[in-house]
Every structure is written in structure tokens, then in C-alpha cells.
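A single structure is presented below for examination.
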Amino acid sequence: MTYDEFRRQIGKAGLTVHAFADLIKMNRISLSNYKQGDVPSHLAVIATLLGAMADGQTDFRSVLLNIDIAPKRPRGAGIGKFGGDKKEGLDLFIKGDNHG
């Protein structure tokens, strides 16, 4: 789904991109980054369902508010996942144990 079609679908539900991001506990900037390409299929499905629910005058907000949605962690947010253990090697160098 294109970003324009995505915006059209969530617009039918009376949502802006930022309101949609807040609703599904997603980073607003991450969602806006899809302007340059296609929106991932899982977000396209949600947007299409919200548009269809709004067309049928179904209150999707009350449905979504009953779901405990965990906020999505930003990429690279895992401890020790990016760049390895920064202390390893550095401690050796500082202590003068580096023979290199």
C-alpha cells in the first residue's frame, strides 16, 4: 500500500498519521518515514480495517482501547545489541594491559 493510500484509509477513520501512531503505540517519526515507499503490510491491514470500520460506523477506538498494546521499542534499543560490549578492550587499554 502506498503512503497516500494509507493516509486515505486512516483519514476515513478520522485519524491523522500522528493520531494513528499514538493509537497503536508506534513512534510517529517511524511511521512518517514510510512516505518514501510502501507502508508495511501489517500497518496497511490495520489502516484498511479502521477505514472499513469507520465506513460501517463501528467505534474502533473503544475496541482498540481494550487491548493492552505494548509500545514498540525503537530499533537498536536492546542493551548490548549494537556495537558489542563497549567496556571490553577499553578497560584493558586504560589499565595499560594493552600490549598492541
side-chain contact (heavy atoms from CB on, under 4.5 Å) against Ala19, all qualifying residues, sequence neighbours excluded |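 With sequence neighbours excluded, Ala19 shows a side-chain contact (heavy atoms from CB on, under 4.5 Å) to Leu15, Thr16, given in chain and number order.
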
Sequence neighbours excluded, which residues qualify as salt bridge (Lys or Arg N to Asp or Glu O under 4.0 Å) partners of Asp38?
->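 None.
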
Could you tell me whether the side chain of Ile10 reaches within less than 4.5 Å of the side chain of Ile46, counting heavy atoms only?
->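 Side-chain contact under 4.5 Å: no.
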
Identify the two heavy atoms, one from Leu31 and one from Ala21, that lie closest to each other, and give their separation to 0.1 Å.
->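 Result for this residue pair: CD2-CB, 3.8 Å.
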
Using salt bridge (Lys or Arg N to Asp or Glu O under 4.0 Å) as the criterion, list what pairs up with Lys12, not counting sequence neighbours.
->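 Once residues adjacent in sequence are excluded, the partners of Lys12 under the salt bridge (Lys or Arg N to Asp or Glu O under 4.0 Å) criterion are Asp55.
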
Taking side chain as C-beta onward, heavy atoms only, is Met1 less than 4.5 Å from Thr48?
->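 Of all side-chain heavy-atom pairs linking Thr48 with Met1, at least one is under 4.5 Å.
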
Apply salt bridge (Lys or Arg N to Asp or Glu O under 4.0 Å) to Asp4 and list each qualifying residue two or more places apart in sequence or on a separate chain.
->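 With sequence neighbours excluded, Asp4 shows a salt bridge (Lys or Arg N to Asp or Glu O under 4.0 Å) to no residue whatsoever.
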
Write down the atom of Ala13, the atom of Ala54, and the distance for their closest heavy-atom approach.
->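 That closest heavy-atom pairing would be CA-CB, 3.5 Å.
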
By side-chain contact (heavy atoms from CB on, under 4.5 Å) - contacts of Ser32 (at least two apart) |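 Ser32 satisfies side-chain contact (heavy atoms from CB on, under 4.5 Å) with Tyr3, Val17, His18, Lys35 only.
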
Got Leu43 and Ile24 here, is their nearest side-chain heavy-atom distance under 4.5 Å?
->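 A side-chain contact under 4.5 Å exists here.
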
Linking Ile, Leu, Val, Met, Phe, Trp and Tyr through side-chain heavy atoms less than 4.5 Å apart, which residues share a cluster with Val45?
->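 Leu49, all in the cluster of Val45.
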
